[in-house]
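This report concerns only the one structure given below.
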Protein chains: 2
Amino acid sequence: MFSSSEENYLKAIYHLSLASTKGISTNAIANKLATKASSVTDMIKKLADKNMLVYKKYQGVTLTEKGKKTAANIIRKHRLWEVFLVEKLNFSWDEVHDVAEQLEHIKSPKLINEIDALLGFPKYDPHGDPIPDKNGALHQIEKSLLASLKIKEKGICVGVNDSSATFLQFLDKQGIALGKEVEVVDKEDFDNSMTIKINKKAITISNKIANNLYIQKL
Amino acid sequence: MFSSSEENYLKAIYHLSLASTKGISTNAIANKLATKASSVTDMIKKLADKNMLVYKKYQGVTLTEKGKKTAANIIRKHRLWEVFLVEKLNFSWDEVHDVAEQLEHIKSPKLINEIDALLGFPKYDPHGDPIPDKNGALHQIEKSLLASLKIKEKGICVGVNDSSATFLQFLDKQGIALGKEVEVVDKEDFDNSMTIKINKKAITISNKIANNLYIQKL
DNA sequence: AAATAAATTTAGATAAGGCTAAAAATAAAT
DNA sequence: ATTTATTTTTAGCCTTATCTAAATTTATTT
Ligand SMILES: [Mn+2]
Ligand SMILES: [Mn+2]
Ligand SMILES: [Mn+2]
Ligand SMILES: [Mn+2]
């Protein structure tokens, strides 16, 4: 059994591992968890003792298979709870993350399996992120950043890169939601802003926005 | 905000207070929480500092209004989660307590209000215990222990005194469930065991059983 | 190849929550 | 009214998870 703190470390390392082939550095983990490098060193020693990861002083860490599976299971719980909150409890997608951060640490296999069943075994969470299956397998969909689309290209919104409440609320305000079709109408070379058509309306968005919205190309 | 540990102390003291008019002793709390008296002394000092209870050395503790409200709110969450687990997630009444012990500490007013609404604002949990309202008010139903009934008296099962899995599973096995009608057919002076009629069948139960089942007299 | 900078680890502290053993206060029994 | 027993508190120690500051290792520049 793992403490909430241990679980949060495993989750952070797992997420960082998806975006890099090399070992994960102490600083990267400290940064992700808003903690100090010295605290990270202590914790990764403990997780190495528990065979959750491989650690060689100064060389960063790599999750073991057991570590990956454990982390994926926490992420599975997090994302299933997010779906539950949106689908069954009238939460909006910008309200779910903090509560899911708590709920993901509840220990009860039956609980999460029943939630899964109640929801009809969803494959994606409210932010378009895939839900790992019981074995920790995670089938990532083919997706591109909106920023990478060229003029005239079309796609469906399938996910967000930034799940912060401010960004999600901005999307709500602009009428941008997962499942909606967008078309790039124009791109501005000067600041990489782009004009897109969504809901039959043209709106202009900054490059920062376009770099945080995932699209499945049509 | 309170830690899970603080919340568990408040809850324990609240429960003990219901069964006694005097201040709650250090030992009683230690016993209830399966901890040591010295640990209790430390914690009640902290809770006294936070104005959750009144503490005078060697005199036991009494919850303040704030303390009562806080405790009732945790119990409210615990019982609502138990209803949710039974009603929506196919848990049986002997499986819910341990999970509810975890879920009761989740911090999110919206979450528990939505769960409440989803369940149709239930008044009792799966064990017949009343669910405190948002203000911490708790309307106890009129109920008696089955053991107190005389021969020929009838009643409806409305609650259990012991919520342990073993007792609840025993009741399941005997076909005893909340809402069912029972009639006392016979009582044995020697060991206070009694024969009751339930589901149109007569069964004999020990005094210990009869002392853990609540009945609303008919 | 040295010198400097950056990253990482170690050492030492702190806070929460718990424990054991000893001291002190209260309650019960002579 | 003492003595004895029980309860409660205090003192000191432990574990987990943090932190800061100093030491050490690795990486980057000159
Ligand atoms: Mn999230
Ligand atoms: Mn998400
Ligand atoms: Mn319970
Ligand atoms: Mn209950």
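Excluded from the calculations below are hydrogen atoms, water molecules and symmetry mates; all remaining heavy atoms, backbone and side chain alike, are included. Every chain is numbered from 1, with letters handed out A, B, ... down the list of sequences.
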| note | Of the listed dT9(D), dG18(C), dT10(D), the closest approach to the Lys45(B) side chain comes from dT10(D)
| Lys NZ or Arg CZ of Lys68(B) over Tyr14(B) ring: under 6.0 Å, within 45° | no
| query | Would you say the side chain of Ile131(B) lies within less than 4.5 Å of the side chain of His78(B), judging by non-hydrogen atoms? | reply | no
| query | Under 3.5 Å, is there a donor-acceptor pair between the side chain of Thr41(B) and the main chain of Ala37(B)? | reply | yes
| said: Please determine whether a side-chain nitrogen or oxygen atom of Thr35(B) lies at a distance below 4.0 Å from atom OP1 or OP2 of dG18(C). | reply: no
| task | Output yes when at least one side-chain N/O atom of Lys57(A) is less than 4.0 Å from OP1 or OP2 of dT10(C), else no. | result | yes
| task | Would you indicate, yes or no, if dT20(D) has its OP1 or OP2 atom less than 4.0 angstrom from a side-chain nitrogen or oxygen of Lys36(A)? | result | yes
| query | Does OP1 or OP2 of dA16(C) have a side-chain N or O of Ser3(B) closer than 4.0 Å? | reply | no
| message | Just the rounded figure in Å: distance from P of dT8(C) to CG of Asn31(A). | response | 11 Å
| task | Write down the distance between NZ (Lys22(B)) and P (dT26(C)), rounded to a whole number of angstrom. | result | 17 Å
| said: Below 30° counts as parallel, above 60° as perpendicular, anything between as tilted: where do the rings of Trp81(A) and Phe84(A) land? | reply: perpendicular
| Asn90(A) (side chain) donor-acceptor with Val86(A) (main chain) under 3.5 angstrom | no
| message | For dT20(D), does the base pair up with any side-chain atom of Ser38(A) as donor and acceptor (N or O, under 3.5 Å, distance only)? | response | yes
| Between atom CG in Asp42(A) and atom P in dT15(D), what is the gap in whole Å? | 14 Å
| note | Checking Thr62(B), Val40(B), Ile29(B) against Ile13(B) for side-chain contact (heavy atoms from CB on, under 4.5 Å), the one that qualifies is Ile29(B)
| Nearest-Å distance for atom pair CG/C1', residues Asn8(B) and dA16(C) | 14 Å
| task | Examine dT6(D): is either OP1 or OP2 under 4.0 Å from a nitrogen or oxygen in the side chain of Tyr58(B)? Give yes or no. | result | no
| message | Going by purine N1 to pyrimidine N3 plus the second Watson-Crick contact, or the G-U wobble pair, all under 3.5 Å, which nucleotide sits opposite dT8(C)? | response | dA23(D)
| Base, sugar-phosphate alone, or nothing: which one does Ser5(B) contact when heavy atoms must sit under 4.0 Å apart? | sugar-phosphate
| said: I want to check one thing: is the phosphate of dT8(C), taken as OP1 and OP2, less than 4.0 Å away from some side-chain N or O of Asn27(A)? | reply: yes
| said: With a 4.0 Å limit, can you tell me whether Tyr55(B) has a side-chain N or O closer than that to the phosphate oxygens OP1/OP2 of dT8(D)? | reply: no
| task | Answer with base, sugar-phosphate or nothing: what part of the nucleic acid does Thr41(A) contact at a heavy-atom distance below 4.0 Å? | result | base
| note | Taken to the nearest whole Å, CD/Glu7(B) to P/dA16(C) is 16 Å
| said: Rounded to whole Å, how long is the line connecting atom CE of Met43(B) with atom C1' of dA15(C)? | reply: 12 Å
| message | Below the 4.0 Å mark, does dT7(D) have OP1 or OP2 next to a side-chain nitrogen or oxygen of Ser25(B)? | response | no
| query | Given atom CD1 of Ile29(B) and atom P of dT7(D), what is their separation to the nearest angstrom? | reply | 14 Å
| task | Starting at atom NZ of Lys56(A), determine the distance to atom P of dT9(C), rounded to an integer number of angstrom. | result | 13 Å
| request: Any strand is fair game: report the nucleotide pairing with dT30(D) by Watson-Crick or G-U wobble, both distances under 3.5 Å, or none. | output: dA1(C)
